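Everything below concerns the one structure shown next.
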Amino acid sequence: LKNKPSGRAWFPLLLCLGSLLAIWLVLLPWISNHPAALQWSAFLDSRGVNPNAKFFTDQQAGFVNSRRVMQQARENPRAFWEPGRGLPSRTIN
Amino acid sequence: MTADVRPRISEDWLAILIGGLLVLGSIAAVLANGQGEKPKGDSKPSAWSNPLKPYLGVPGKWTDSPLEGLQSPKALAGALCITMVMFGLGIAFSGGSLQRFLPGFLIVFLMGTVAYVMAEQTAIRNAGLEYALWALLLGLIISNTGSVPQILKPAIRTELYIKAGLVLLGSEVLLSQLLALGLPGICISWIVTPVVLITTFWFGQRVLKIESASLNMVISADMSVCGVSAAIATAAACRAKKEELSTAVGISLAFTVVMMFVMPYLIRFLDLDPVIAGAWIGGTIDSTGAVGVAGEMIGKTAGKVAVTVKMIQNMLIGVVAFGVAVYWVSRVERTEGPQVKPDAGEIWRRFPKFILGFVGASLLISFLHTQLPHGDDFFKAVVDGSAKTLRNWCFCLAFVSIGLETNFRSLAHFFHGGKAVTLYVVGQALNLLLSLAMSWFAFRVVFPDAAKVLLEK
């Protein structure tokens, strides 16, 4: 890699950065304000879900939900730890 | 890696030192802050709190103006200060030049902030396109359209950021959470996942004959375990090339977005009940965020089961990284190098030591969780207040560094012939089949009462 770009070499860099600016400052805000996008955003907010979460600790709803499940499993140890407490034909609905 | 002089300490031990001090600092801050009075019958306020929380943060969600996401400059400045001081001291301790490192680090951190801001735009955030992609893209643009300025080079320390981040990630792994969903959770997460991982790796080596075993392993792990985090951990464990990690992350993110929207429709078409649907989603979709979205699209029961199965699967990261590291030093590197069976000393010499930091952090937080009153609150205070923020910054800096060190041509090489994508598709198809079969078997045949309990509010 060269360390000092020539004047011409700046052009692709500026073009890329300019395109990113246009997308993030104009196009994406416009998409985000579309009624369908607003509805989707409201749904995610109401459920406390962060689609960008990388690990379960990044997910606020994950803490709450997993605690609820752990509590259910603690309160019903036989259901979660003893196999065969039901027949294949039994429905769960 | 851009080293100034021969380091006094290996990168793995340095990562353990930096990551370990950050973990211990987070724990000490919470312990020093003490335990508040917890009102009876009320889960808020938390019994434990982290005094570092207001001073550590990442850019937040925004829609129209990026400034909406930068409402807490104090938290960003705090994250910059802590990471700069810790990595700066680490560089100085290992014999590098602090004077050369700091200006570059400031710019890399700034690029990481821009990547975060890009990822937090509402439309991007709601599509699950996380900061790793944008950090990589920004680095790639700079390195491929112009040139990487000399000032940046001392701060491009990909492995160090990744390994320190992984030690921090260890503090987010509570061993007791393995039992969260009883035996059904263990069957779905800890039986299917390793089977899929090993089978996919075997398929890549024997059938697709992928040239690079490390690329094969990173894709197999990120597809079968939990996406980007697993890819990072496995790549570090098998010393994969940066381009291989980027390839695996790119494929994983692309398929995650597709699966996040397609699986709920497929589940409705198959008319699966919510517990089985949630377990299937949690066992197959790569990233935790996308699992949460797809689960909630089905309903609250599916959402909570999906996230819990994914959480149990997340626990596998350390085991997989450890297993891959042992396999690599004892089998793969042996076949690539001299045909001599390495002894225990040789295995230890080659073993990626940062994994010990990950395991140690996990054991420490798990021990404190069981010993301290209100252990759940203590864990949440440590993780939410500082550990996960610092871990995310470490990974963000790592992906900026990867982008700055990568050129498009070398990246394109890994997509050539479509073997990497084929590997992911075949592995994911197997994962979908086995996870569905195991979810059905666990919750319909063996533990139907567990499913009944989960269906209760």
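As the structure is a computational prediction, the values presented were derived from the model and not from experiment. The figures here come from the full heavy-atom set of this structure, side chains too, leaving out hydrogens, waters and symmetry mates.
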### Message
Applying side-chain contact (heavy atoms from CB on, under 4.5 Å) to B/V291 and A/F56, what does each step give before you reach the verdict?
### Response
CA-CA 10 Å; B/V291 163; A/F56 84 91; over 6 Å; no
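Side chains of B/D449 and A/N76: no donor on one and acceptor on the other come within 3.5 Å. With hydrogens and angles left out, the side-chain atoms of A/T57 and B/E172 include a donor and acceptor closer than 3.5 Å.
In this structure, chain A has a heavy atom under 4.5 Å from the side chain of B/L137, while its backbone stays farther away. For B/F441, no part lies under 4.5 angstrom from a heavy atom of chain A. Neither the backbone nor the side chain of A/E75 comes within less than 4.5 Å of any heavy atom of chain B.
Residue pairs satisfying the side-chain hydrogen bond (donor to acceptor under 3.5 Å, both in side chains) criterion with at least one member in residues 176-188 of chain B, sequence neighbours excluded, are absent.
Rounding to the nearest 0.5 Å gives a distance of 10.0 Å between CG of A/D58 and OG of B/S287.
Closest approach of B/W62 and A/W24 over heavy atoms only: CH2-O, 3.3 Å. Taking every heavy atom of both residues into account, B/A180 and A/M70 meet most closely at CB-CG, 3.3 Å. When all heavy atoms of B/Q121 and A/P29 are compared, the closest pair comes out as NE2-N, 3.7 Å. Taking every heavy atom of both residues into account, B/G292 and A/V49 meet most closely at C-CG1, 3.8 Å. Considering every non-hydrogen atom in both A/W40 and B/N126, the closest pair reads NE1-O, 3.3 Å. The shortest heavy-atom contact between B/A119 and A/N52 is O-ND2, 2.9 Å.
A heavy-atom distance below 4.5 Å is not found between the side chains of B/D64 and A/L25. B/D384 places a side-chain heavy atom less than 4.5 Å from the side chain of A/Q60. Residues B/K304 and A/R67 fail the side-chain proximity criterion, which asks for heavy atoms closer than 4.5 Å.
Under the 3.5 Å distance criterion, the side-chain polar atoms of A/Q72 are matched with a main-chain donor or acceptor of B/E456.
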Using atom types as modelled, flag every donor-acceptor pair under 3.5 Å from a side chain in residues 293-302 of chain B to any protein atom, sequence neighbours excluded.
from   : atom 1 : to    : atom 2 : distance (Å)
B/E296 : OE1    : A/R47 : NH1    : 2.6

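With respect to chain B, the highest number of heavy-atom pairs below 4.5 Å among A/N33, A/I31, A/V64 belongs to A/N33. Ranked by heavy-atom pairs under 4.5 Å with chain B, the list A/C16, A/A37, A/S41, A/A73 is led by A/S41. The most heavy-atom pairs under 4.5 Å with chain A, out of B/L179, B/I142, B/T389, B/T256, come from B/L179.
Partner B/M118 forms a side-chain contact (heavy atoms from CB on, under 4.5 Å) with one of A/L20, A/I23, A/L28 and no other, that one being A/L20. Applying the side-chain contact (heavy atoms from CB on, under 4.5 Å) test between A/F55 and each of B/N314, B/V383, B/N392 identifies B/N314 as the sole match.
Between B/D286 and A/K54 no salt bridge is recorded (no basic side-chain N to carboxylate O distance below 4.0 Å).
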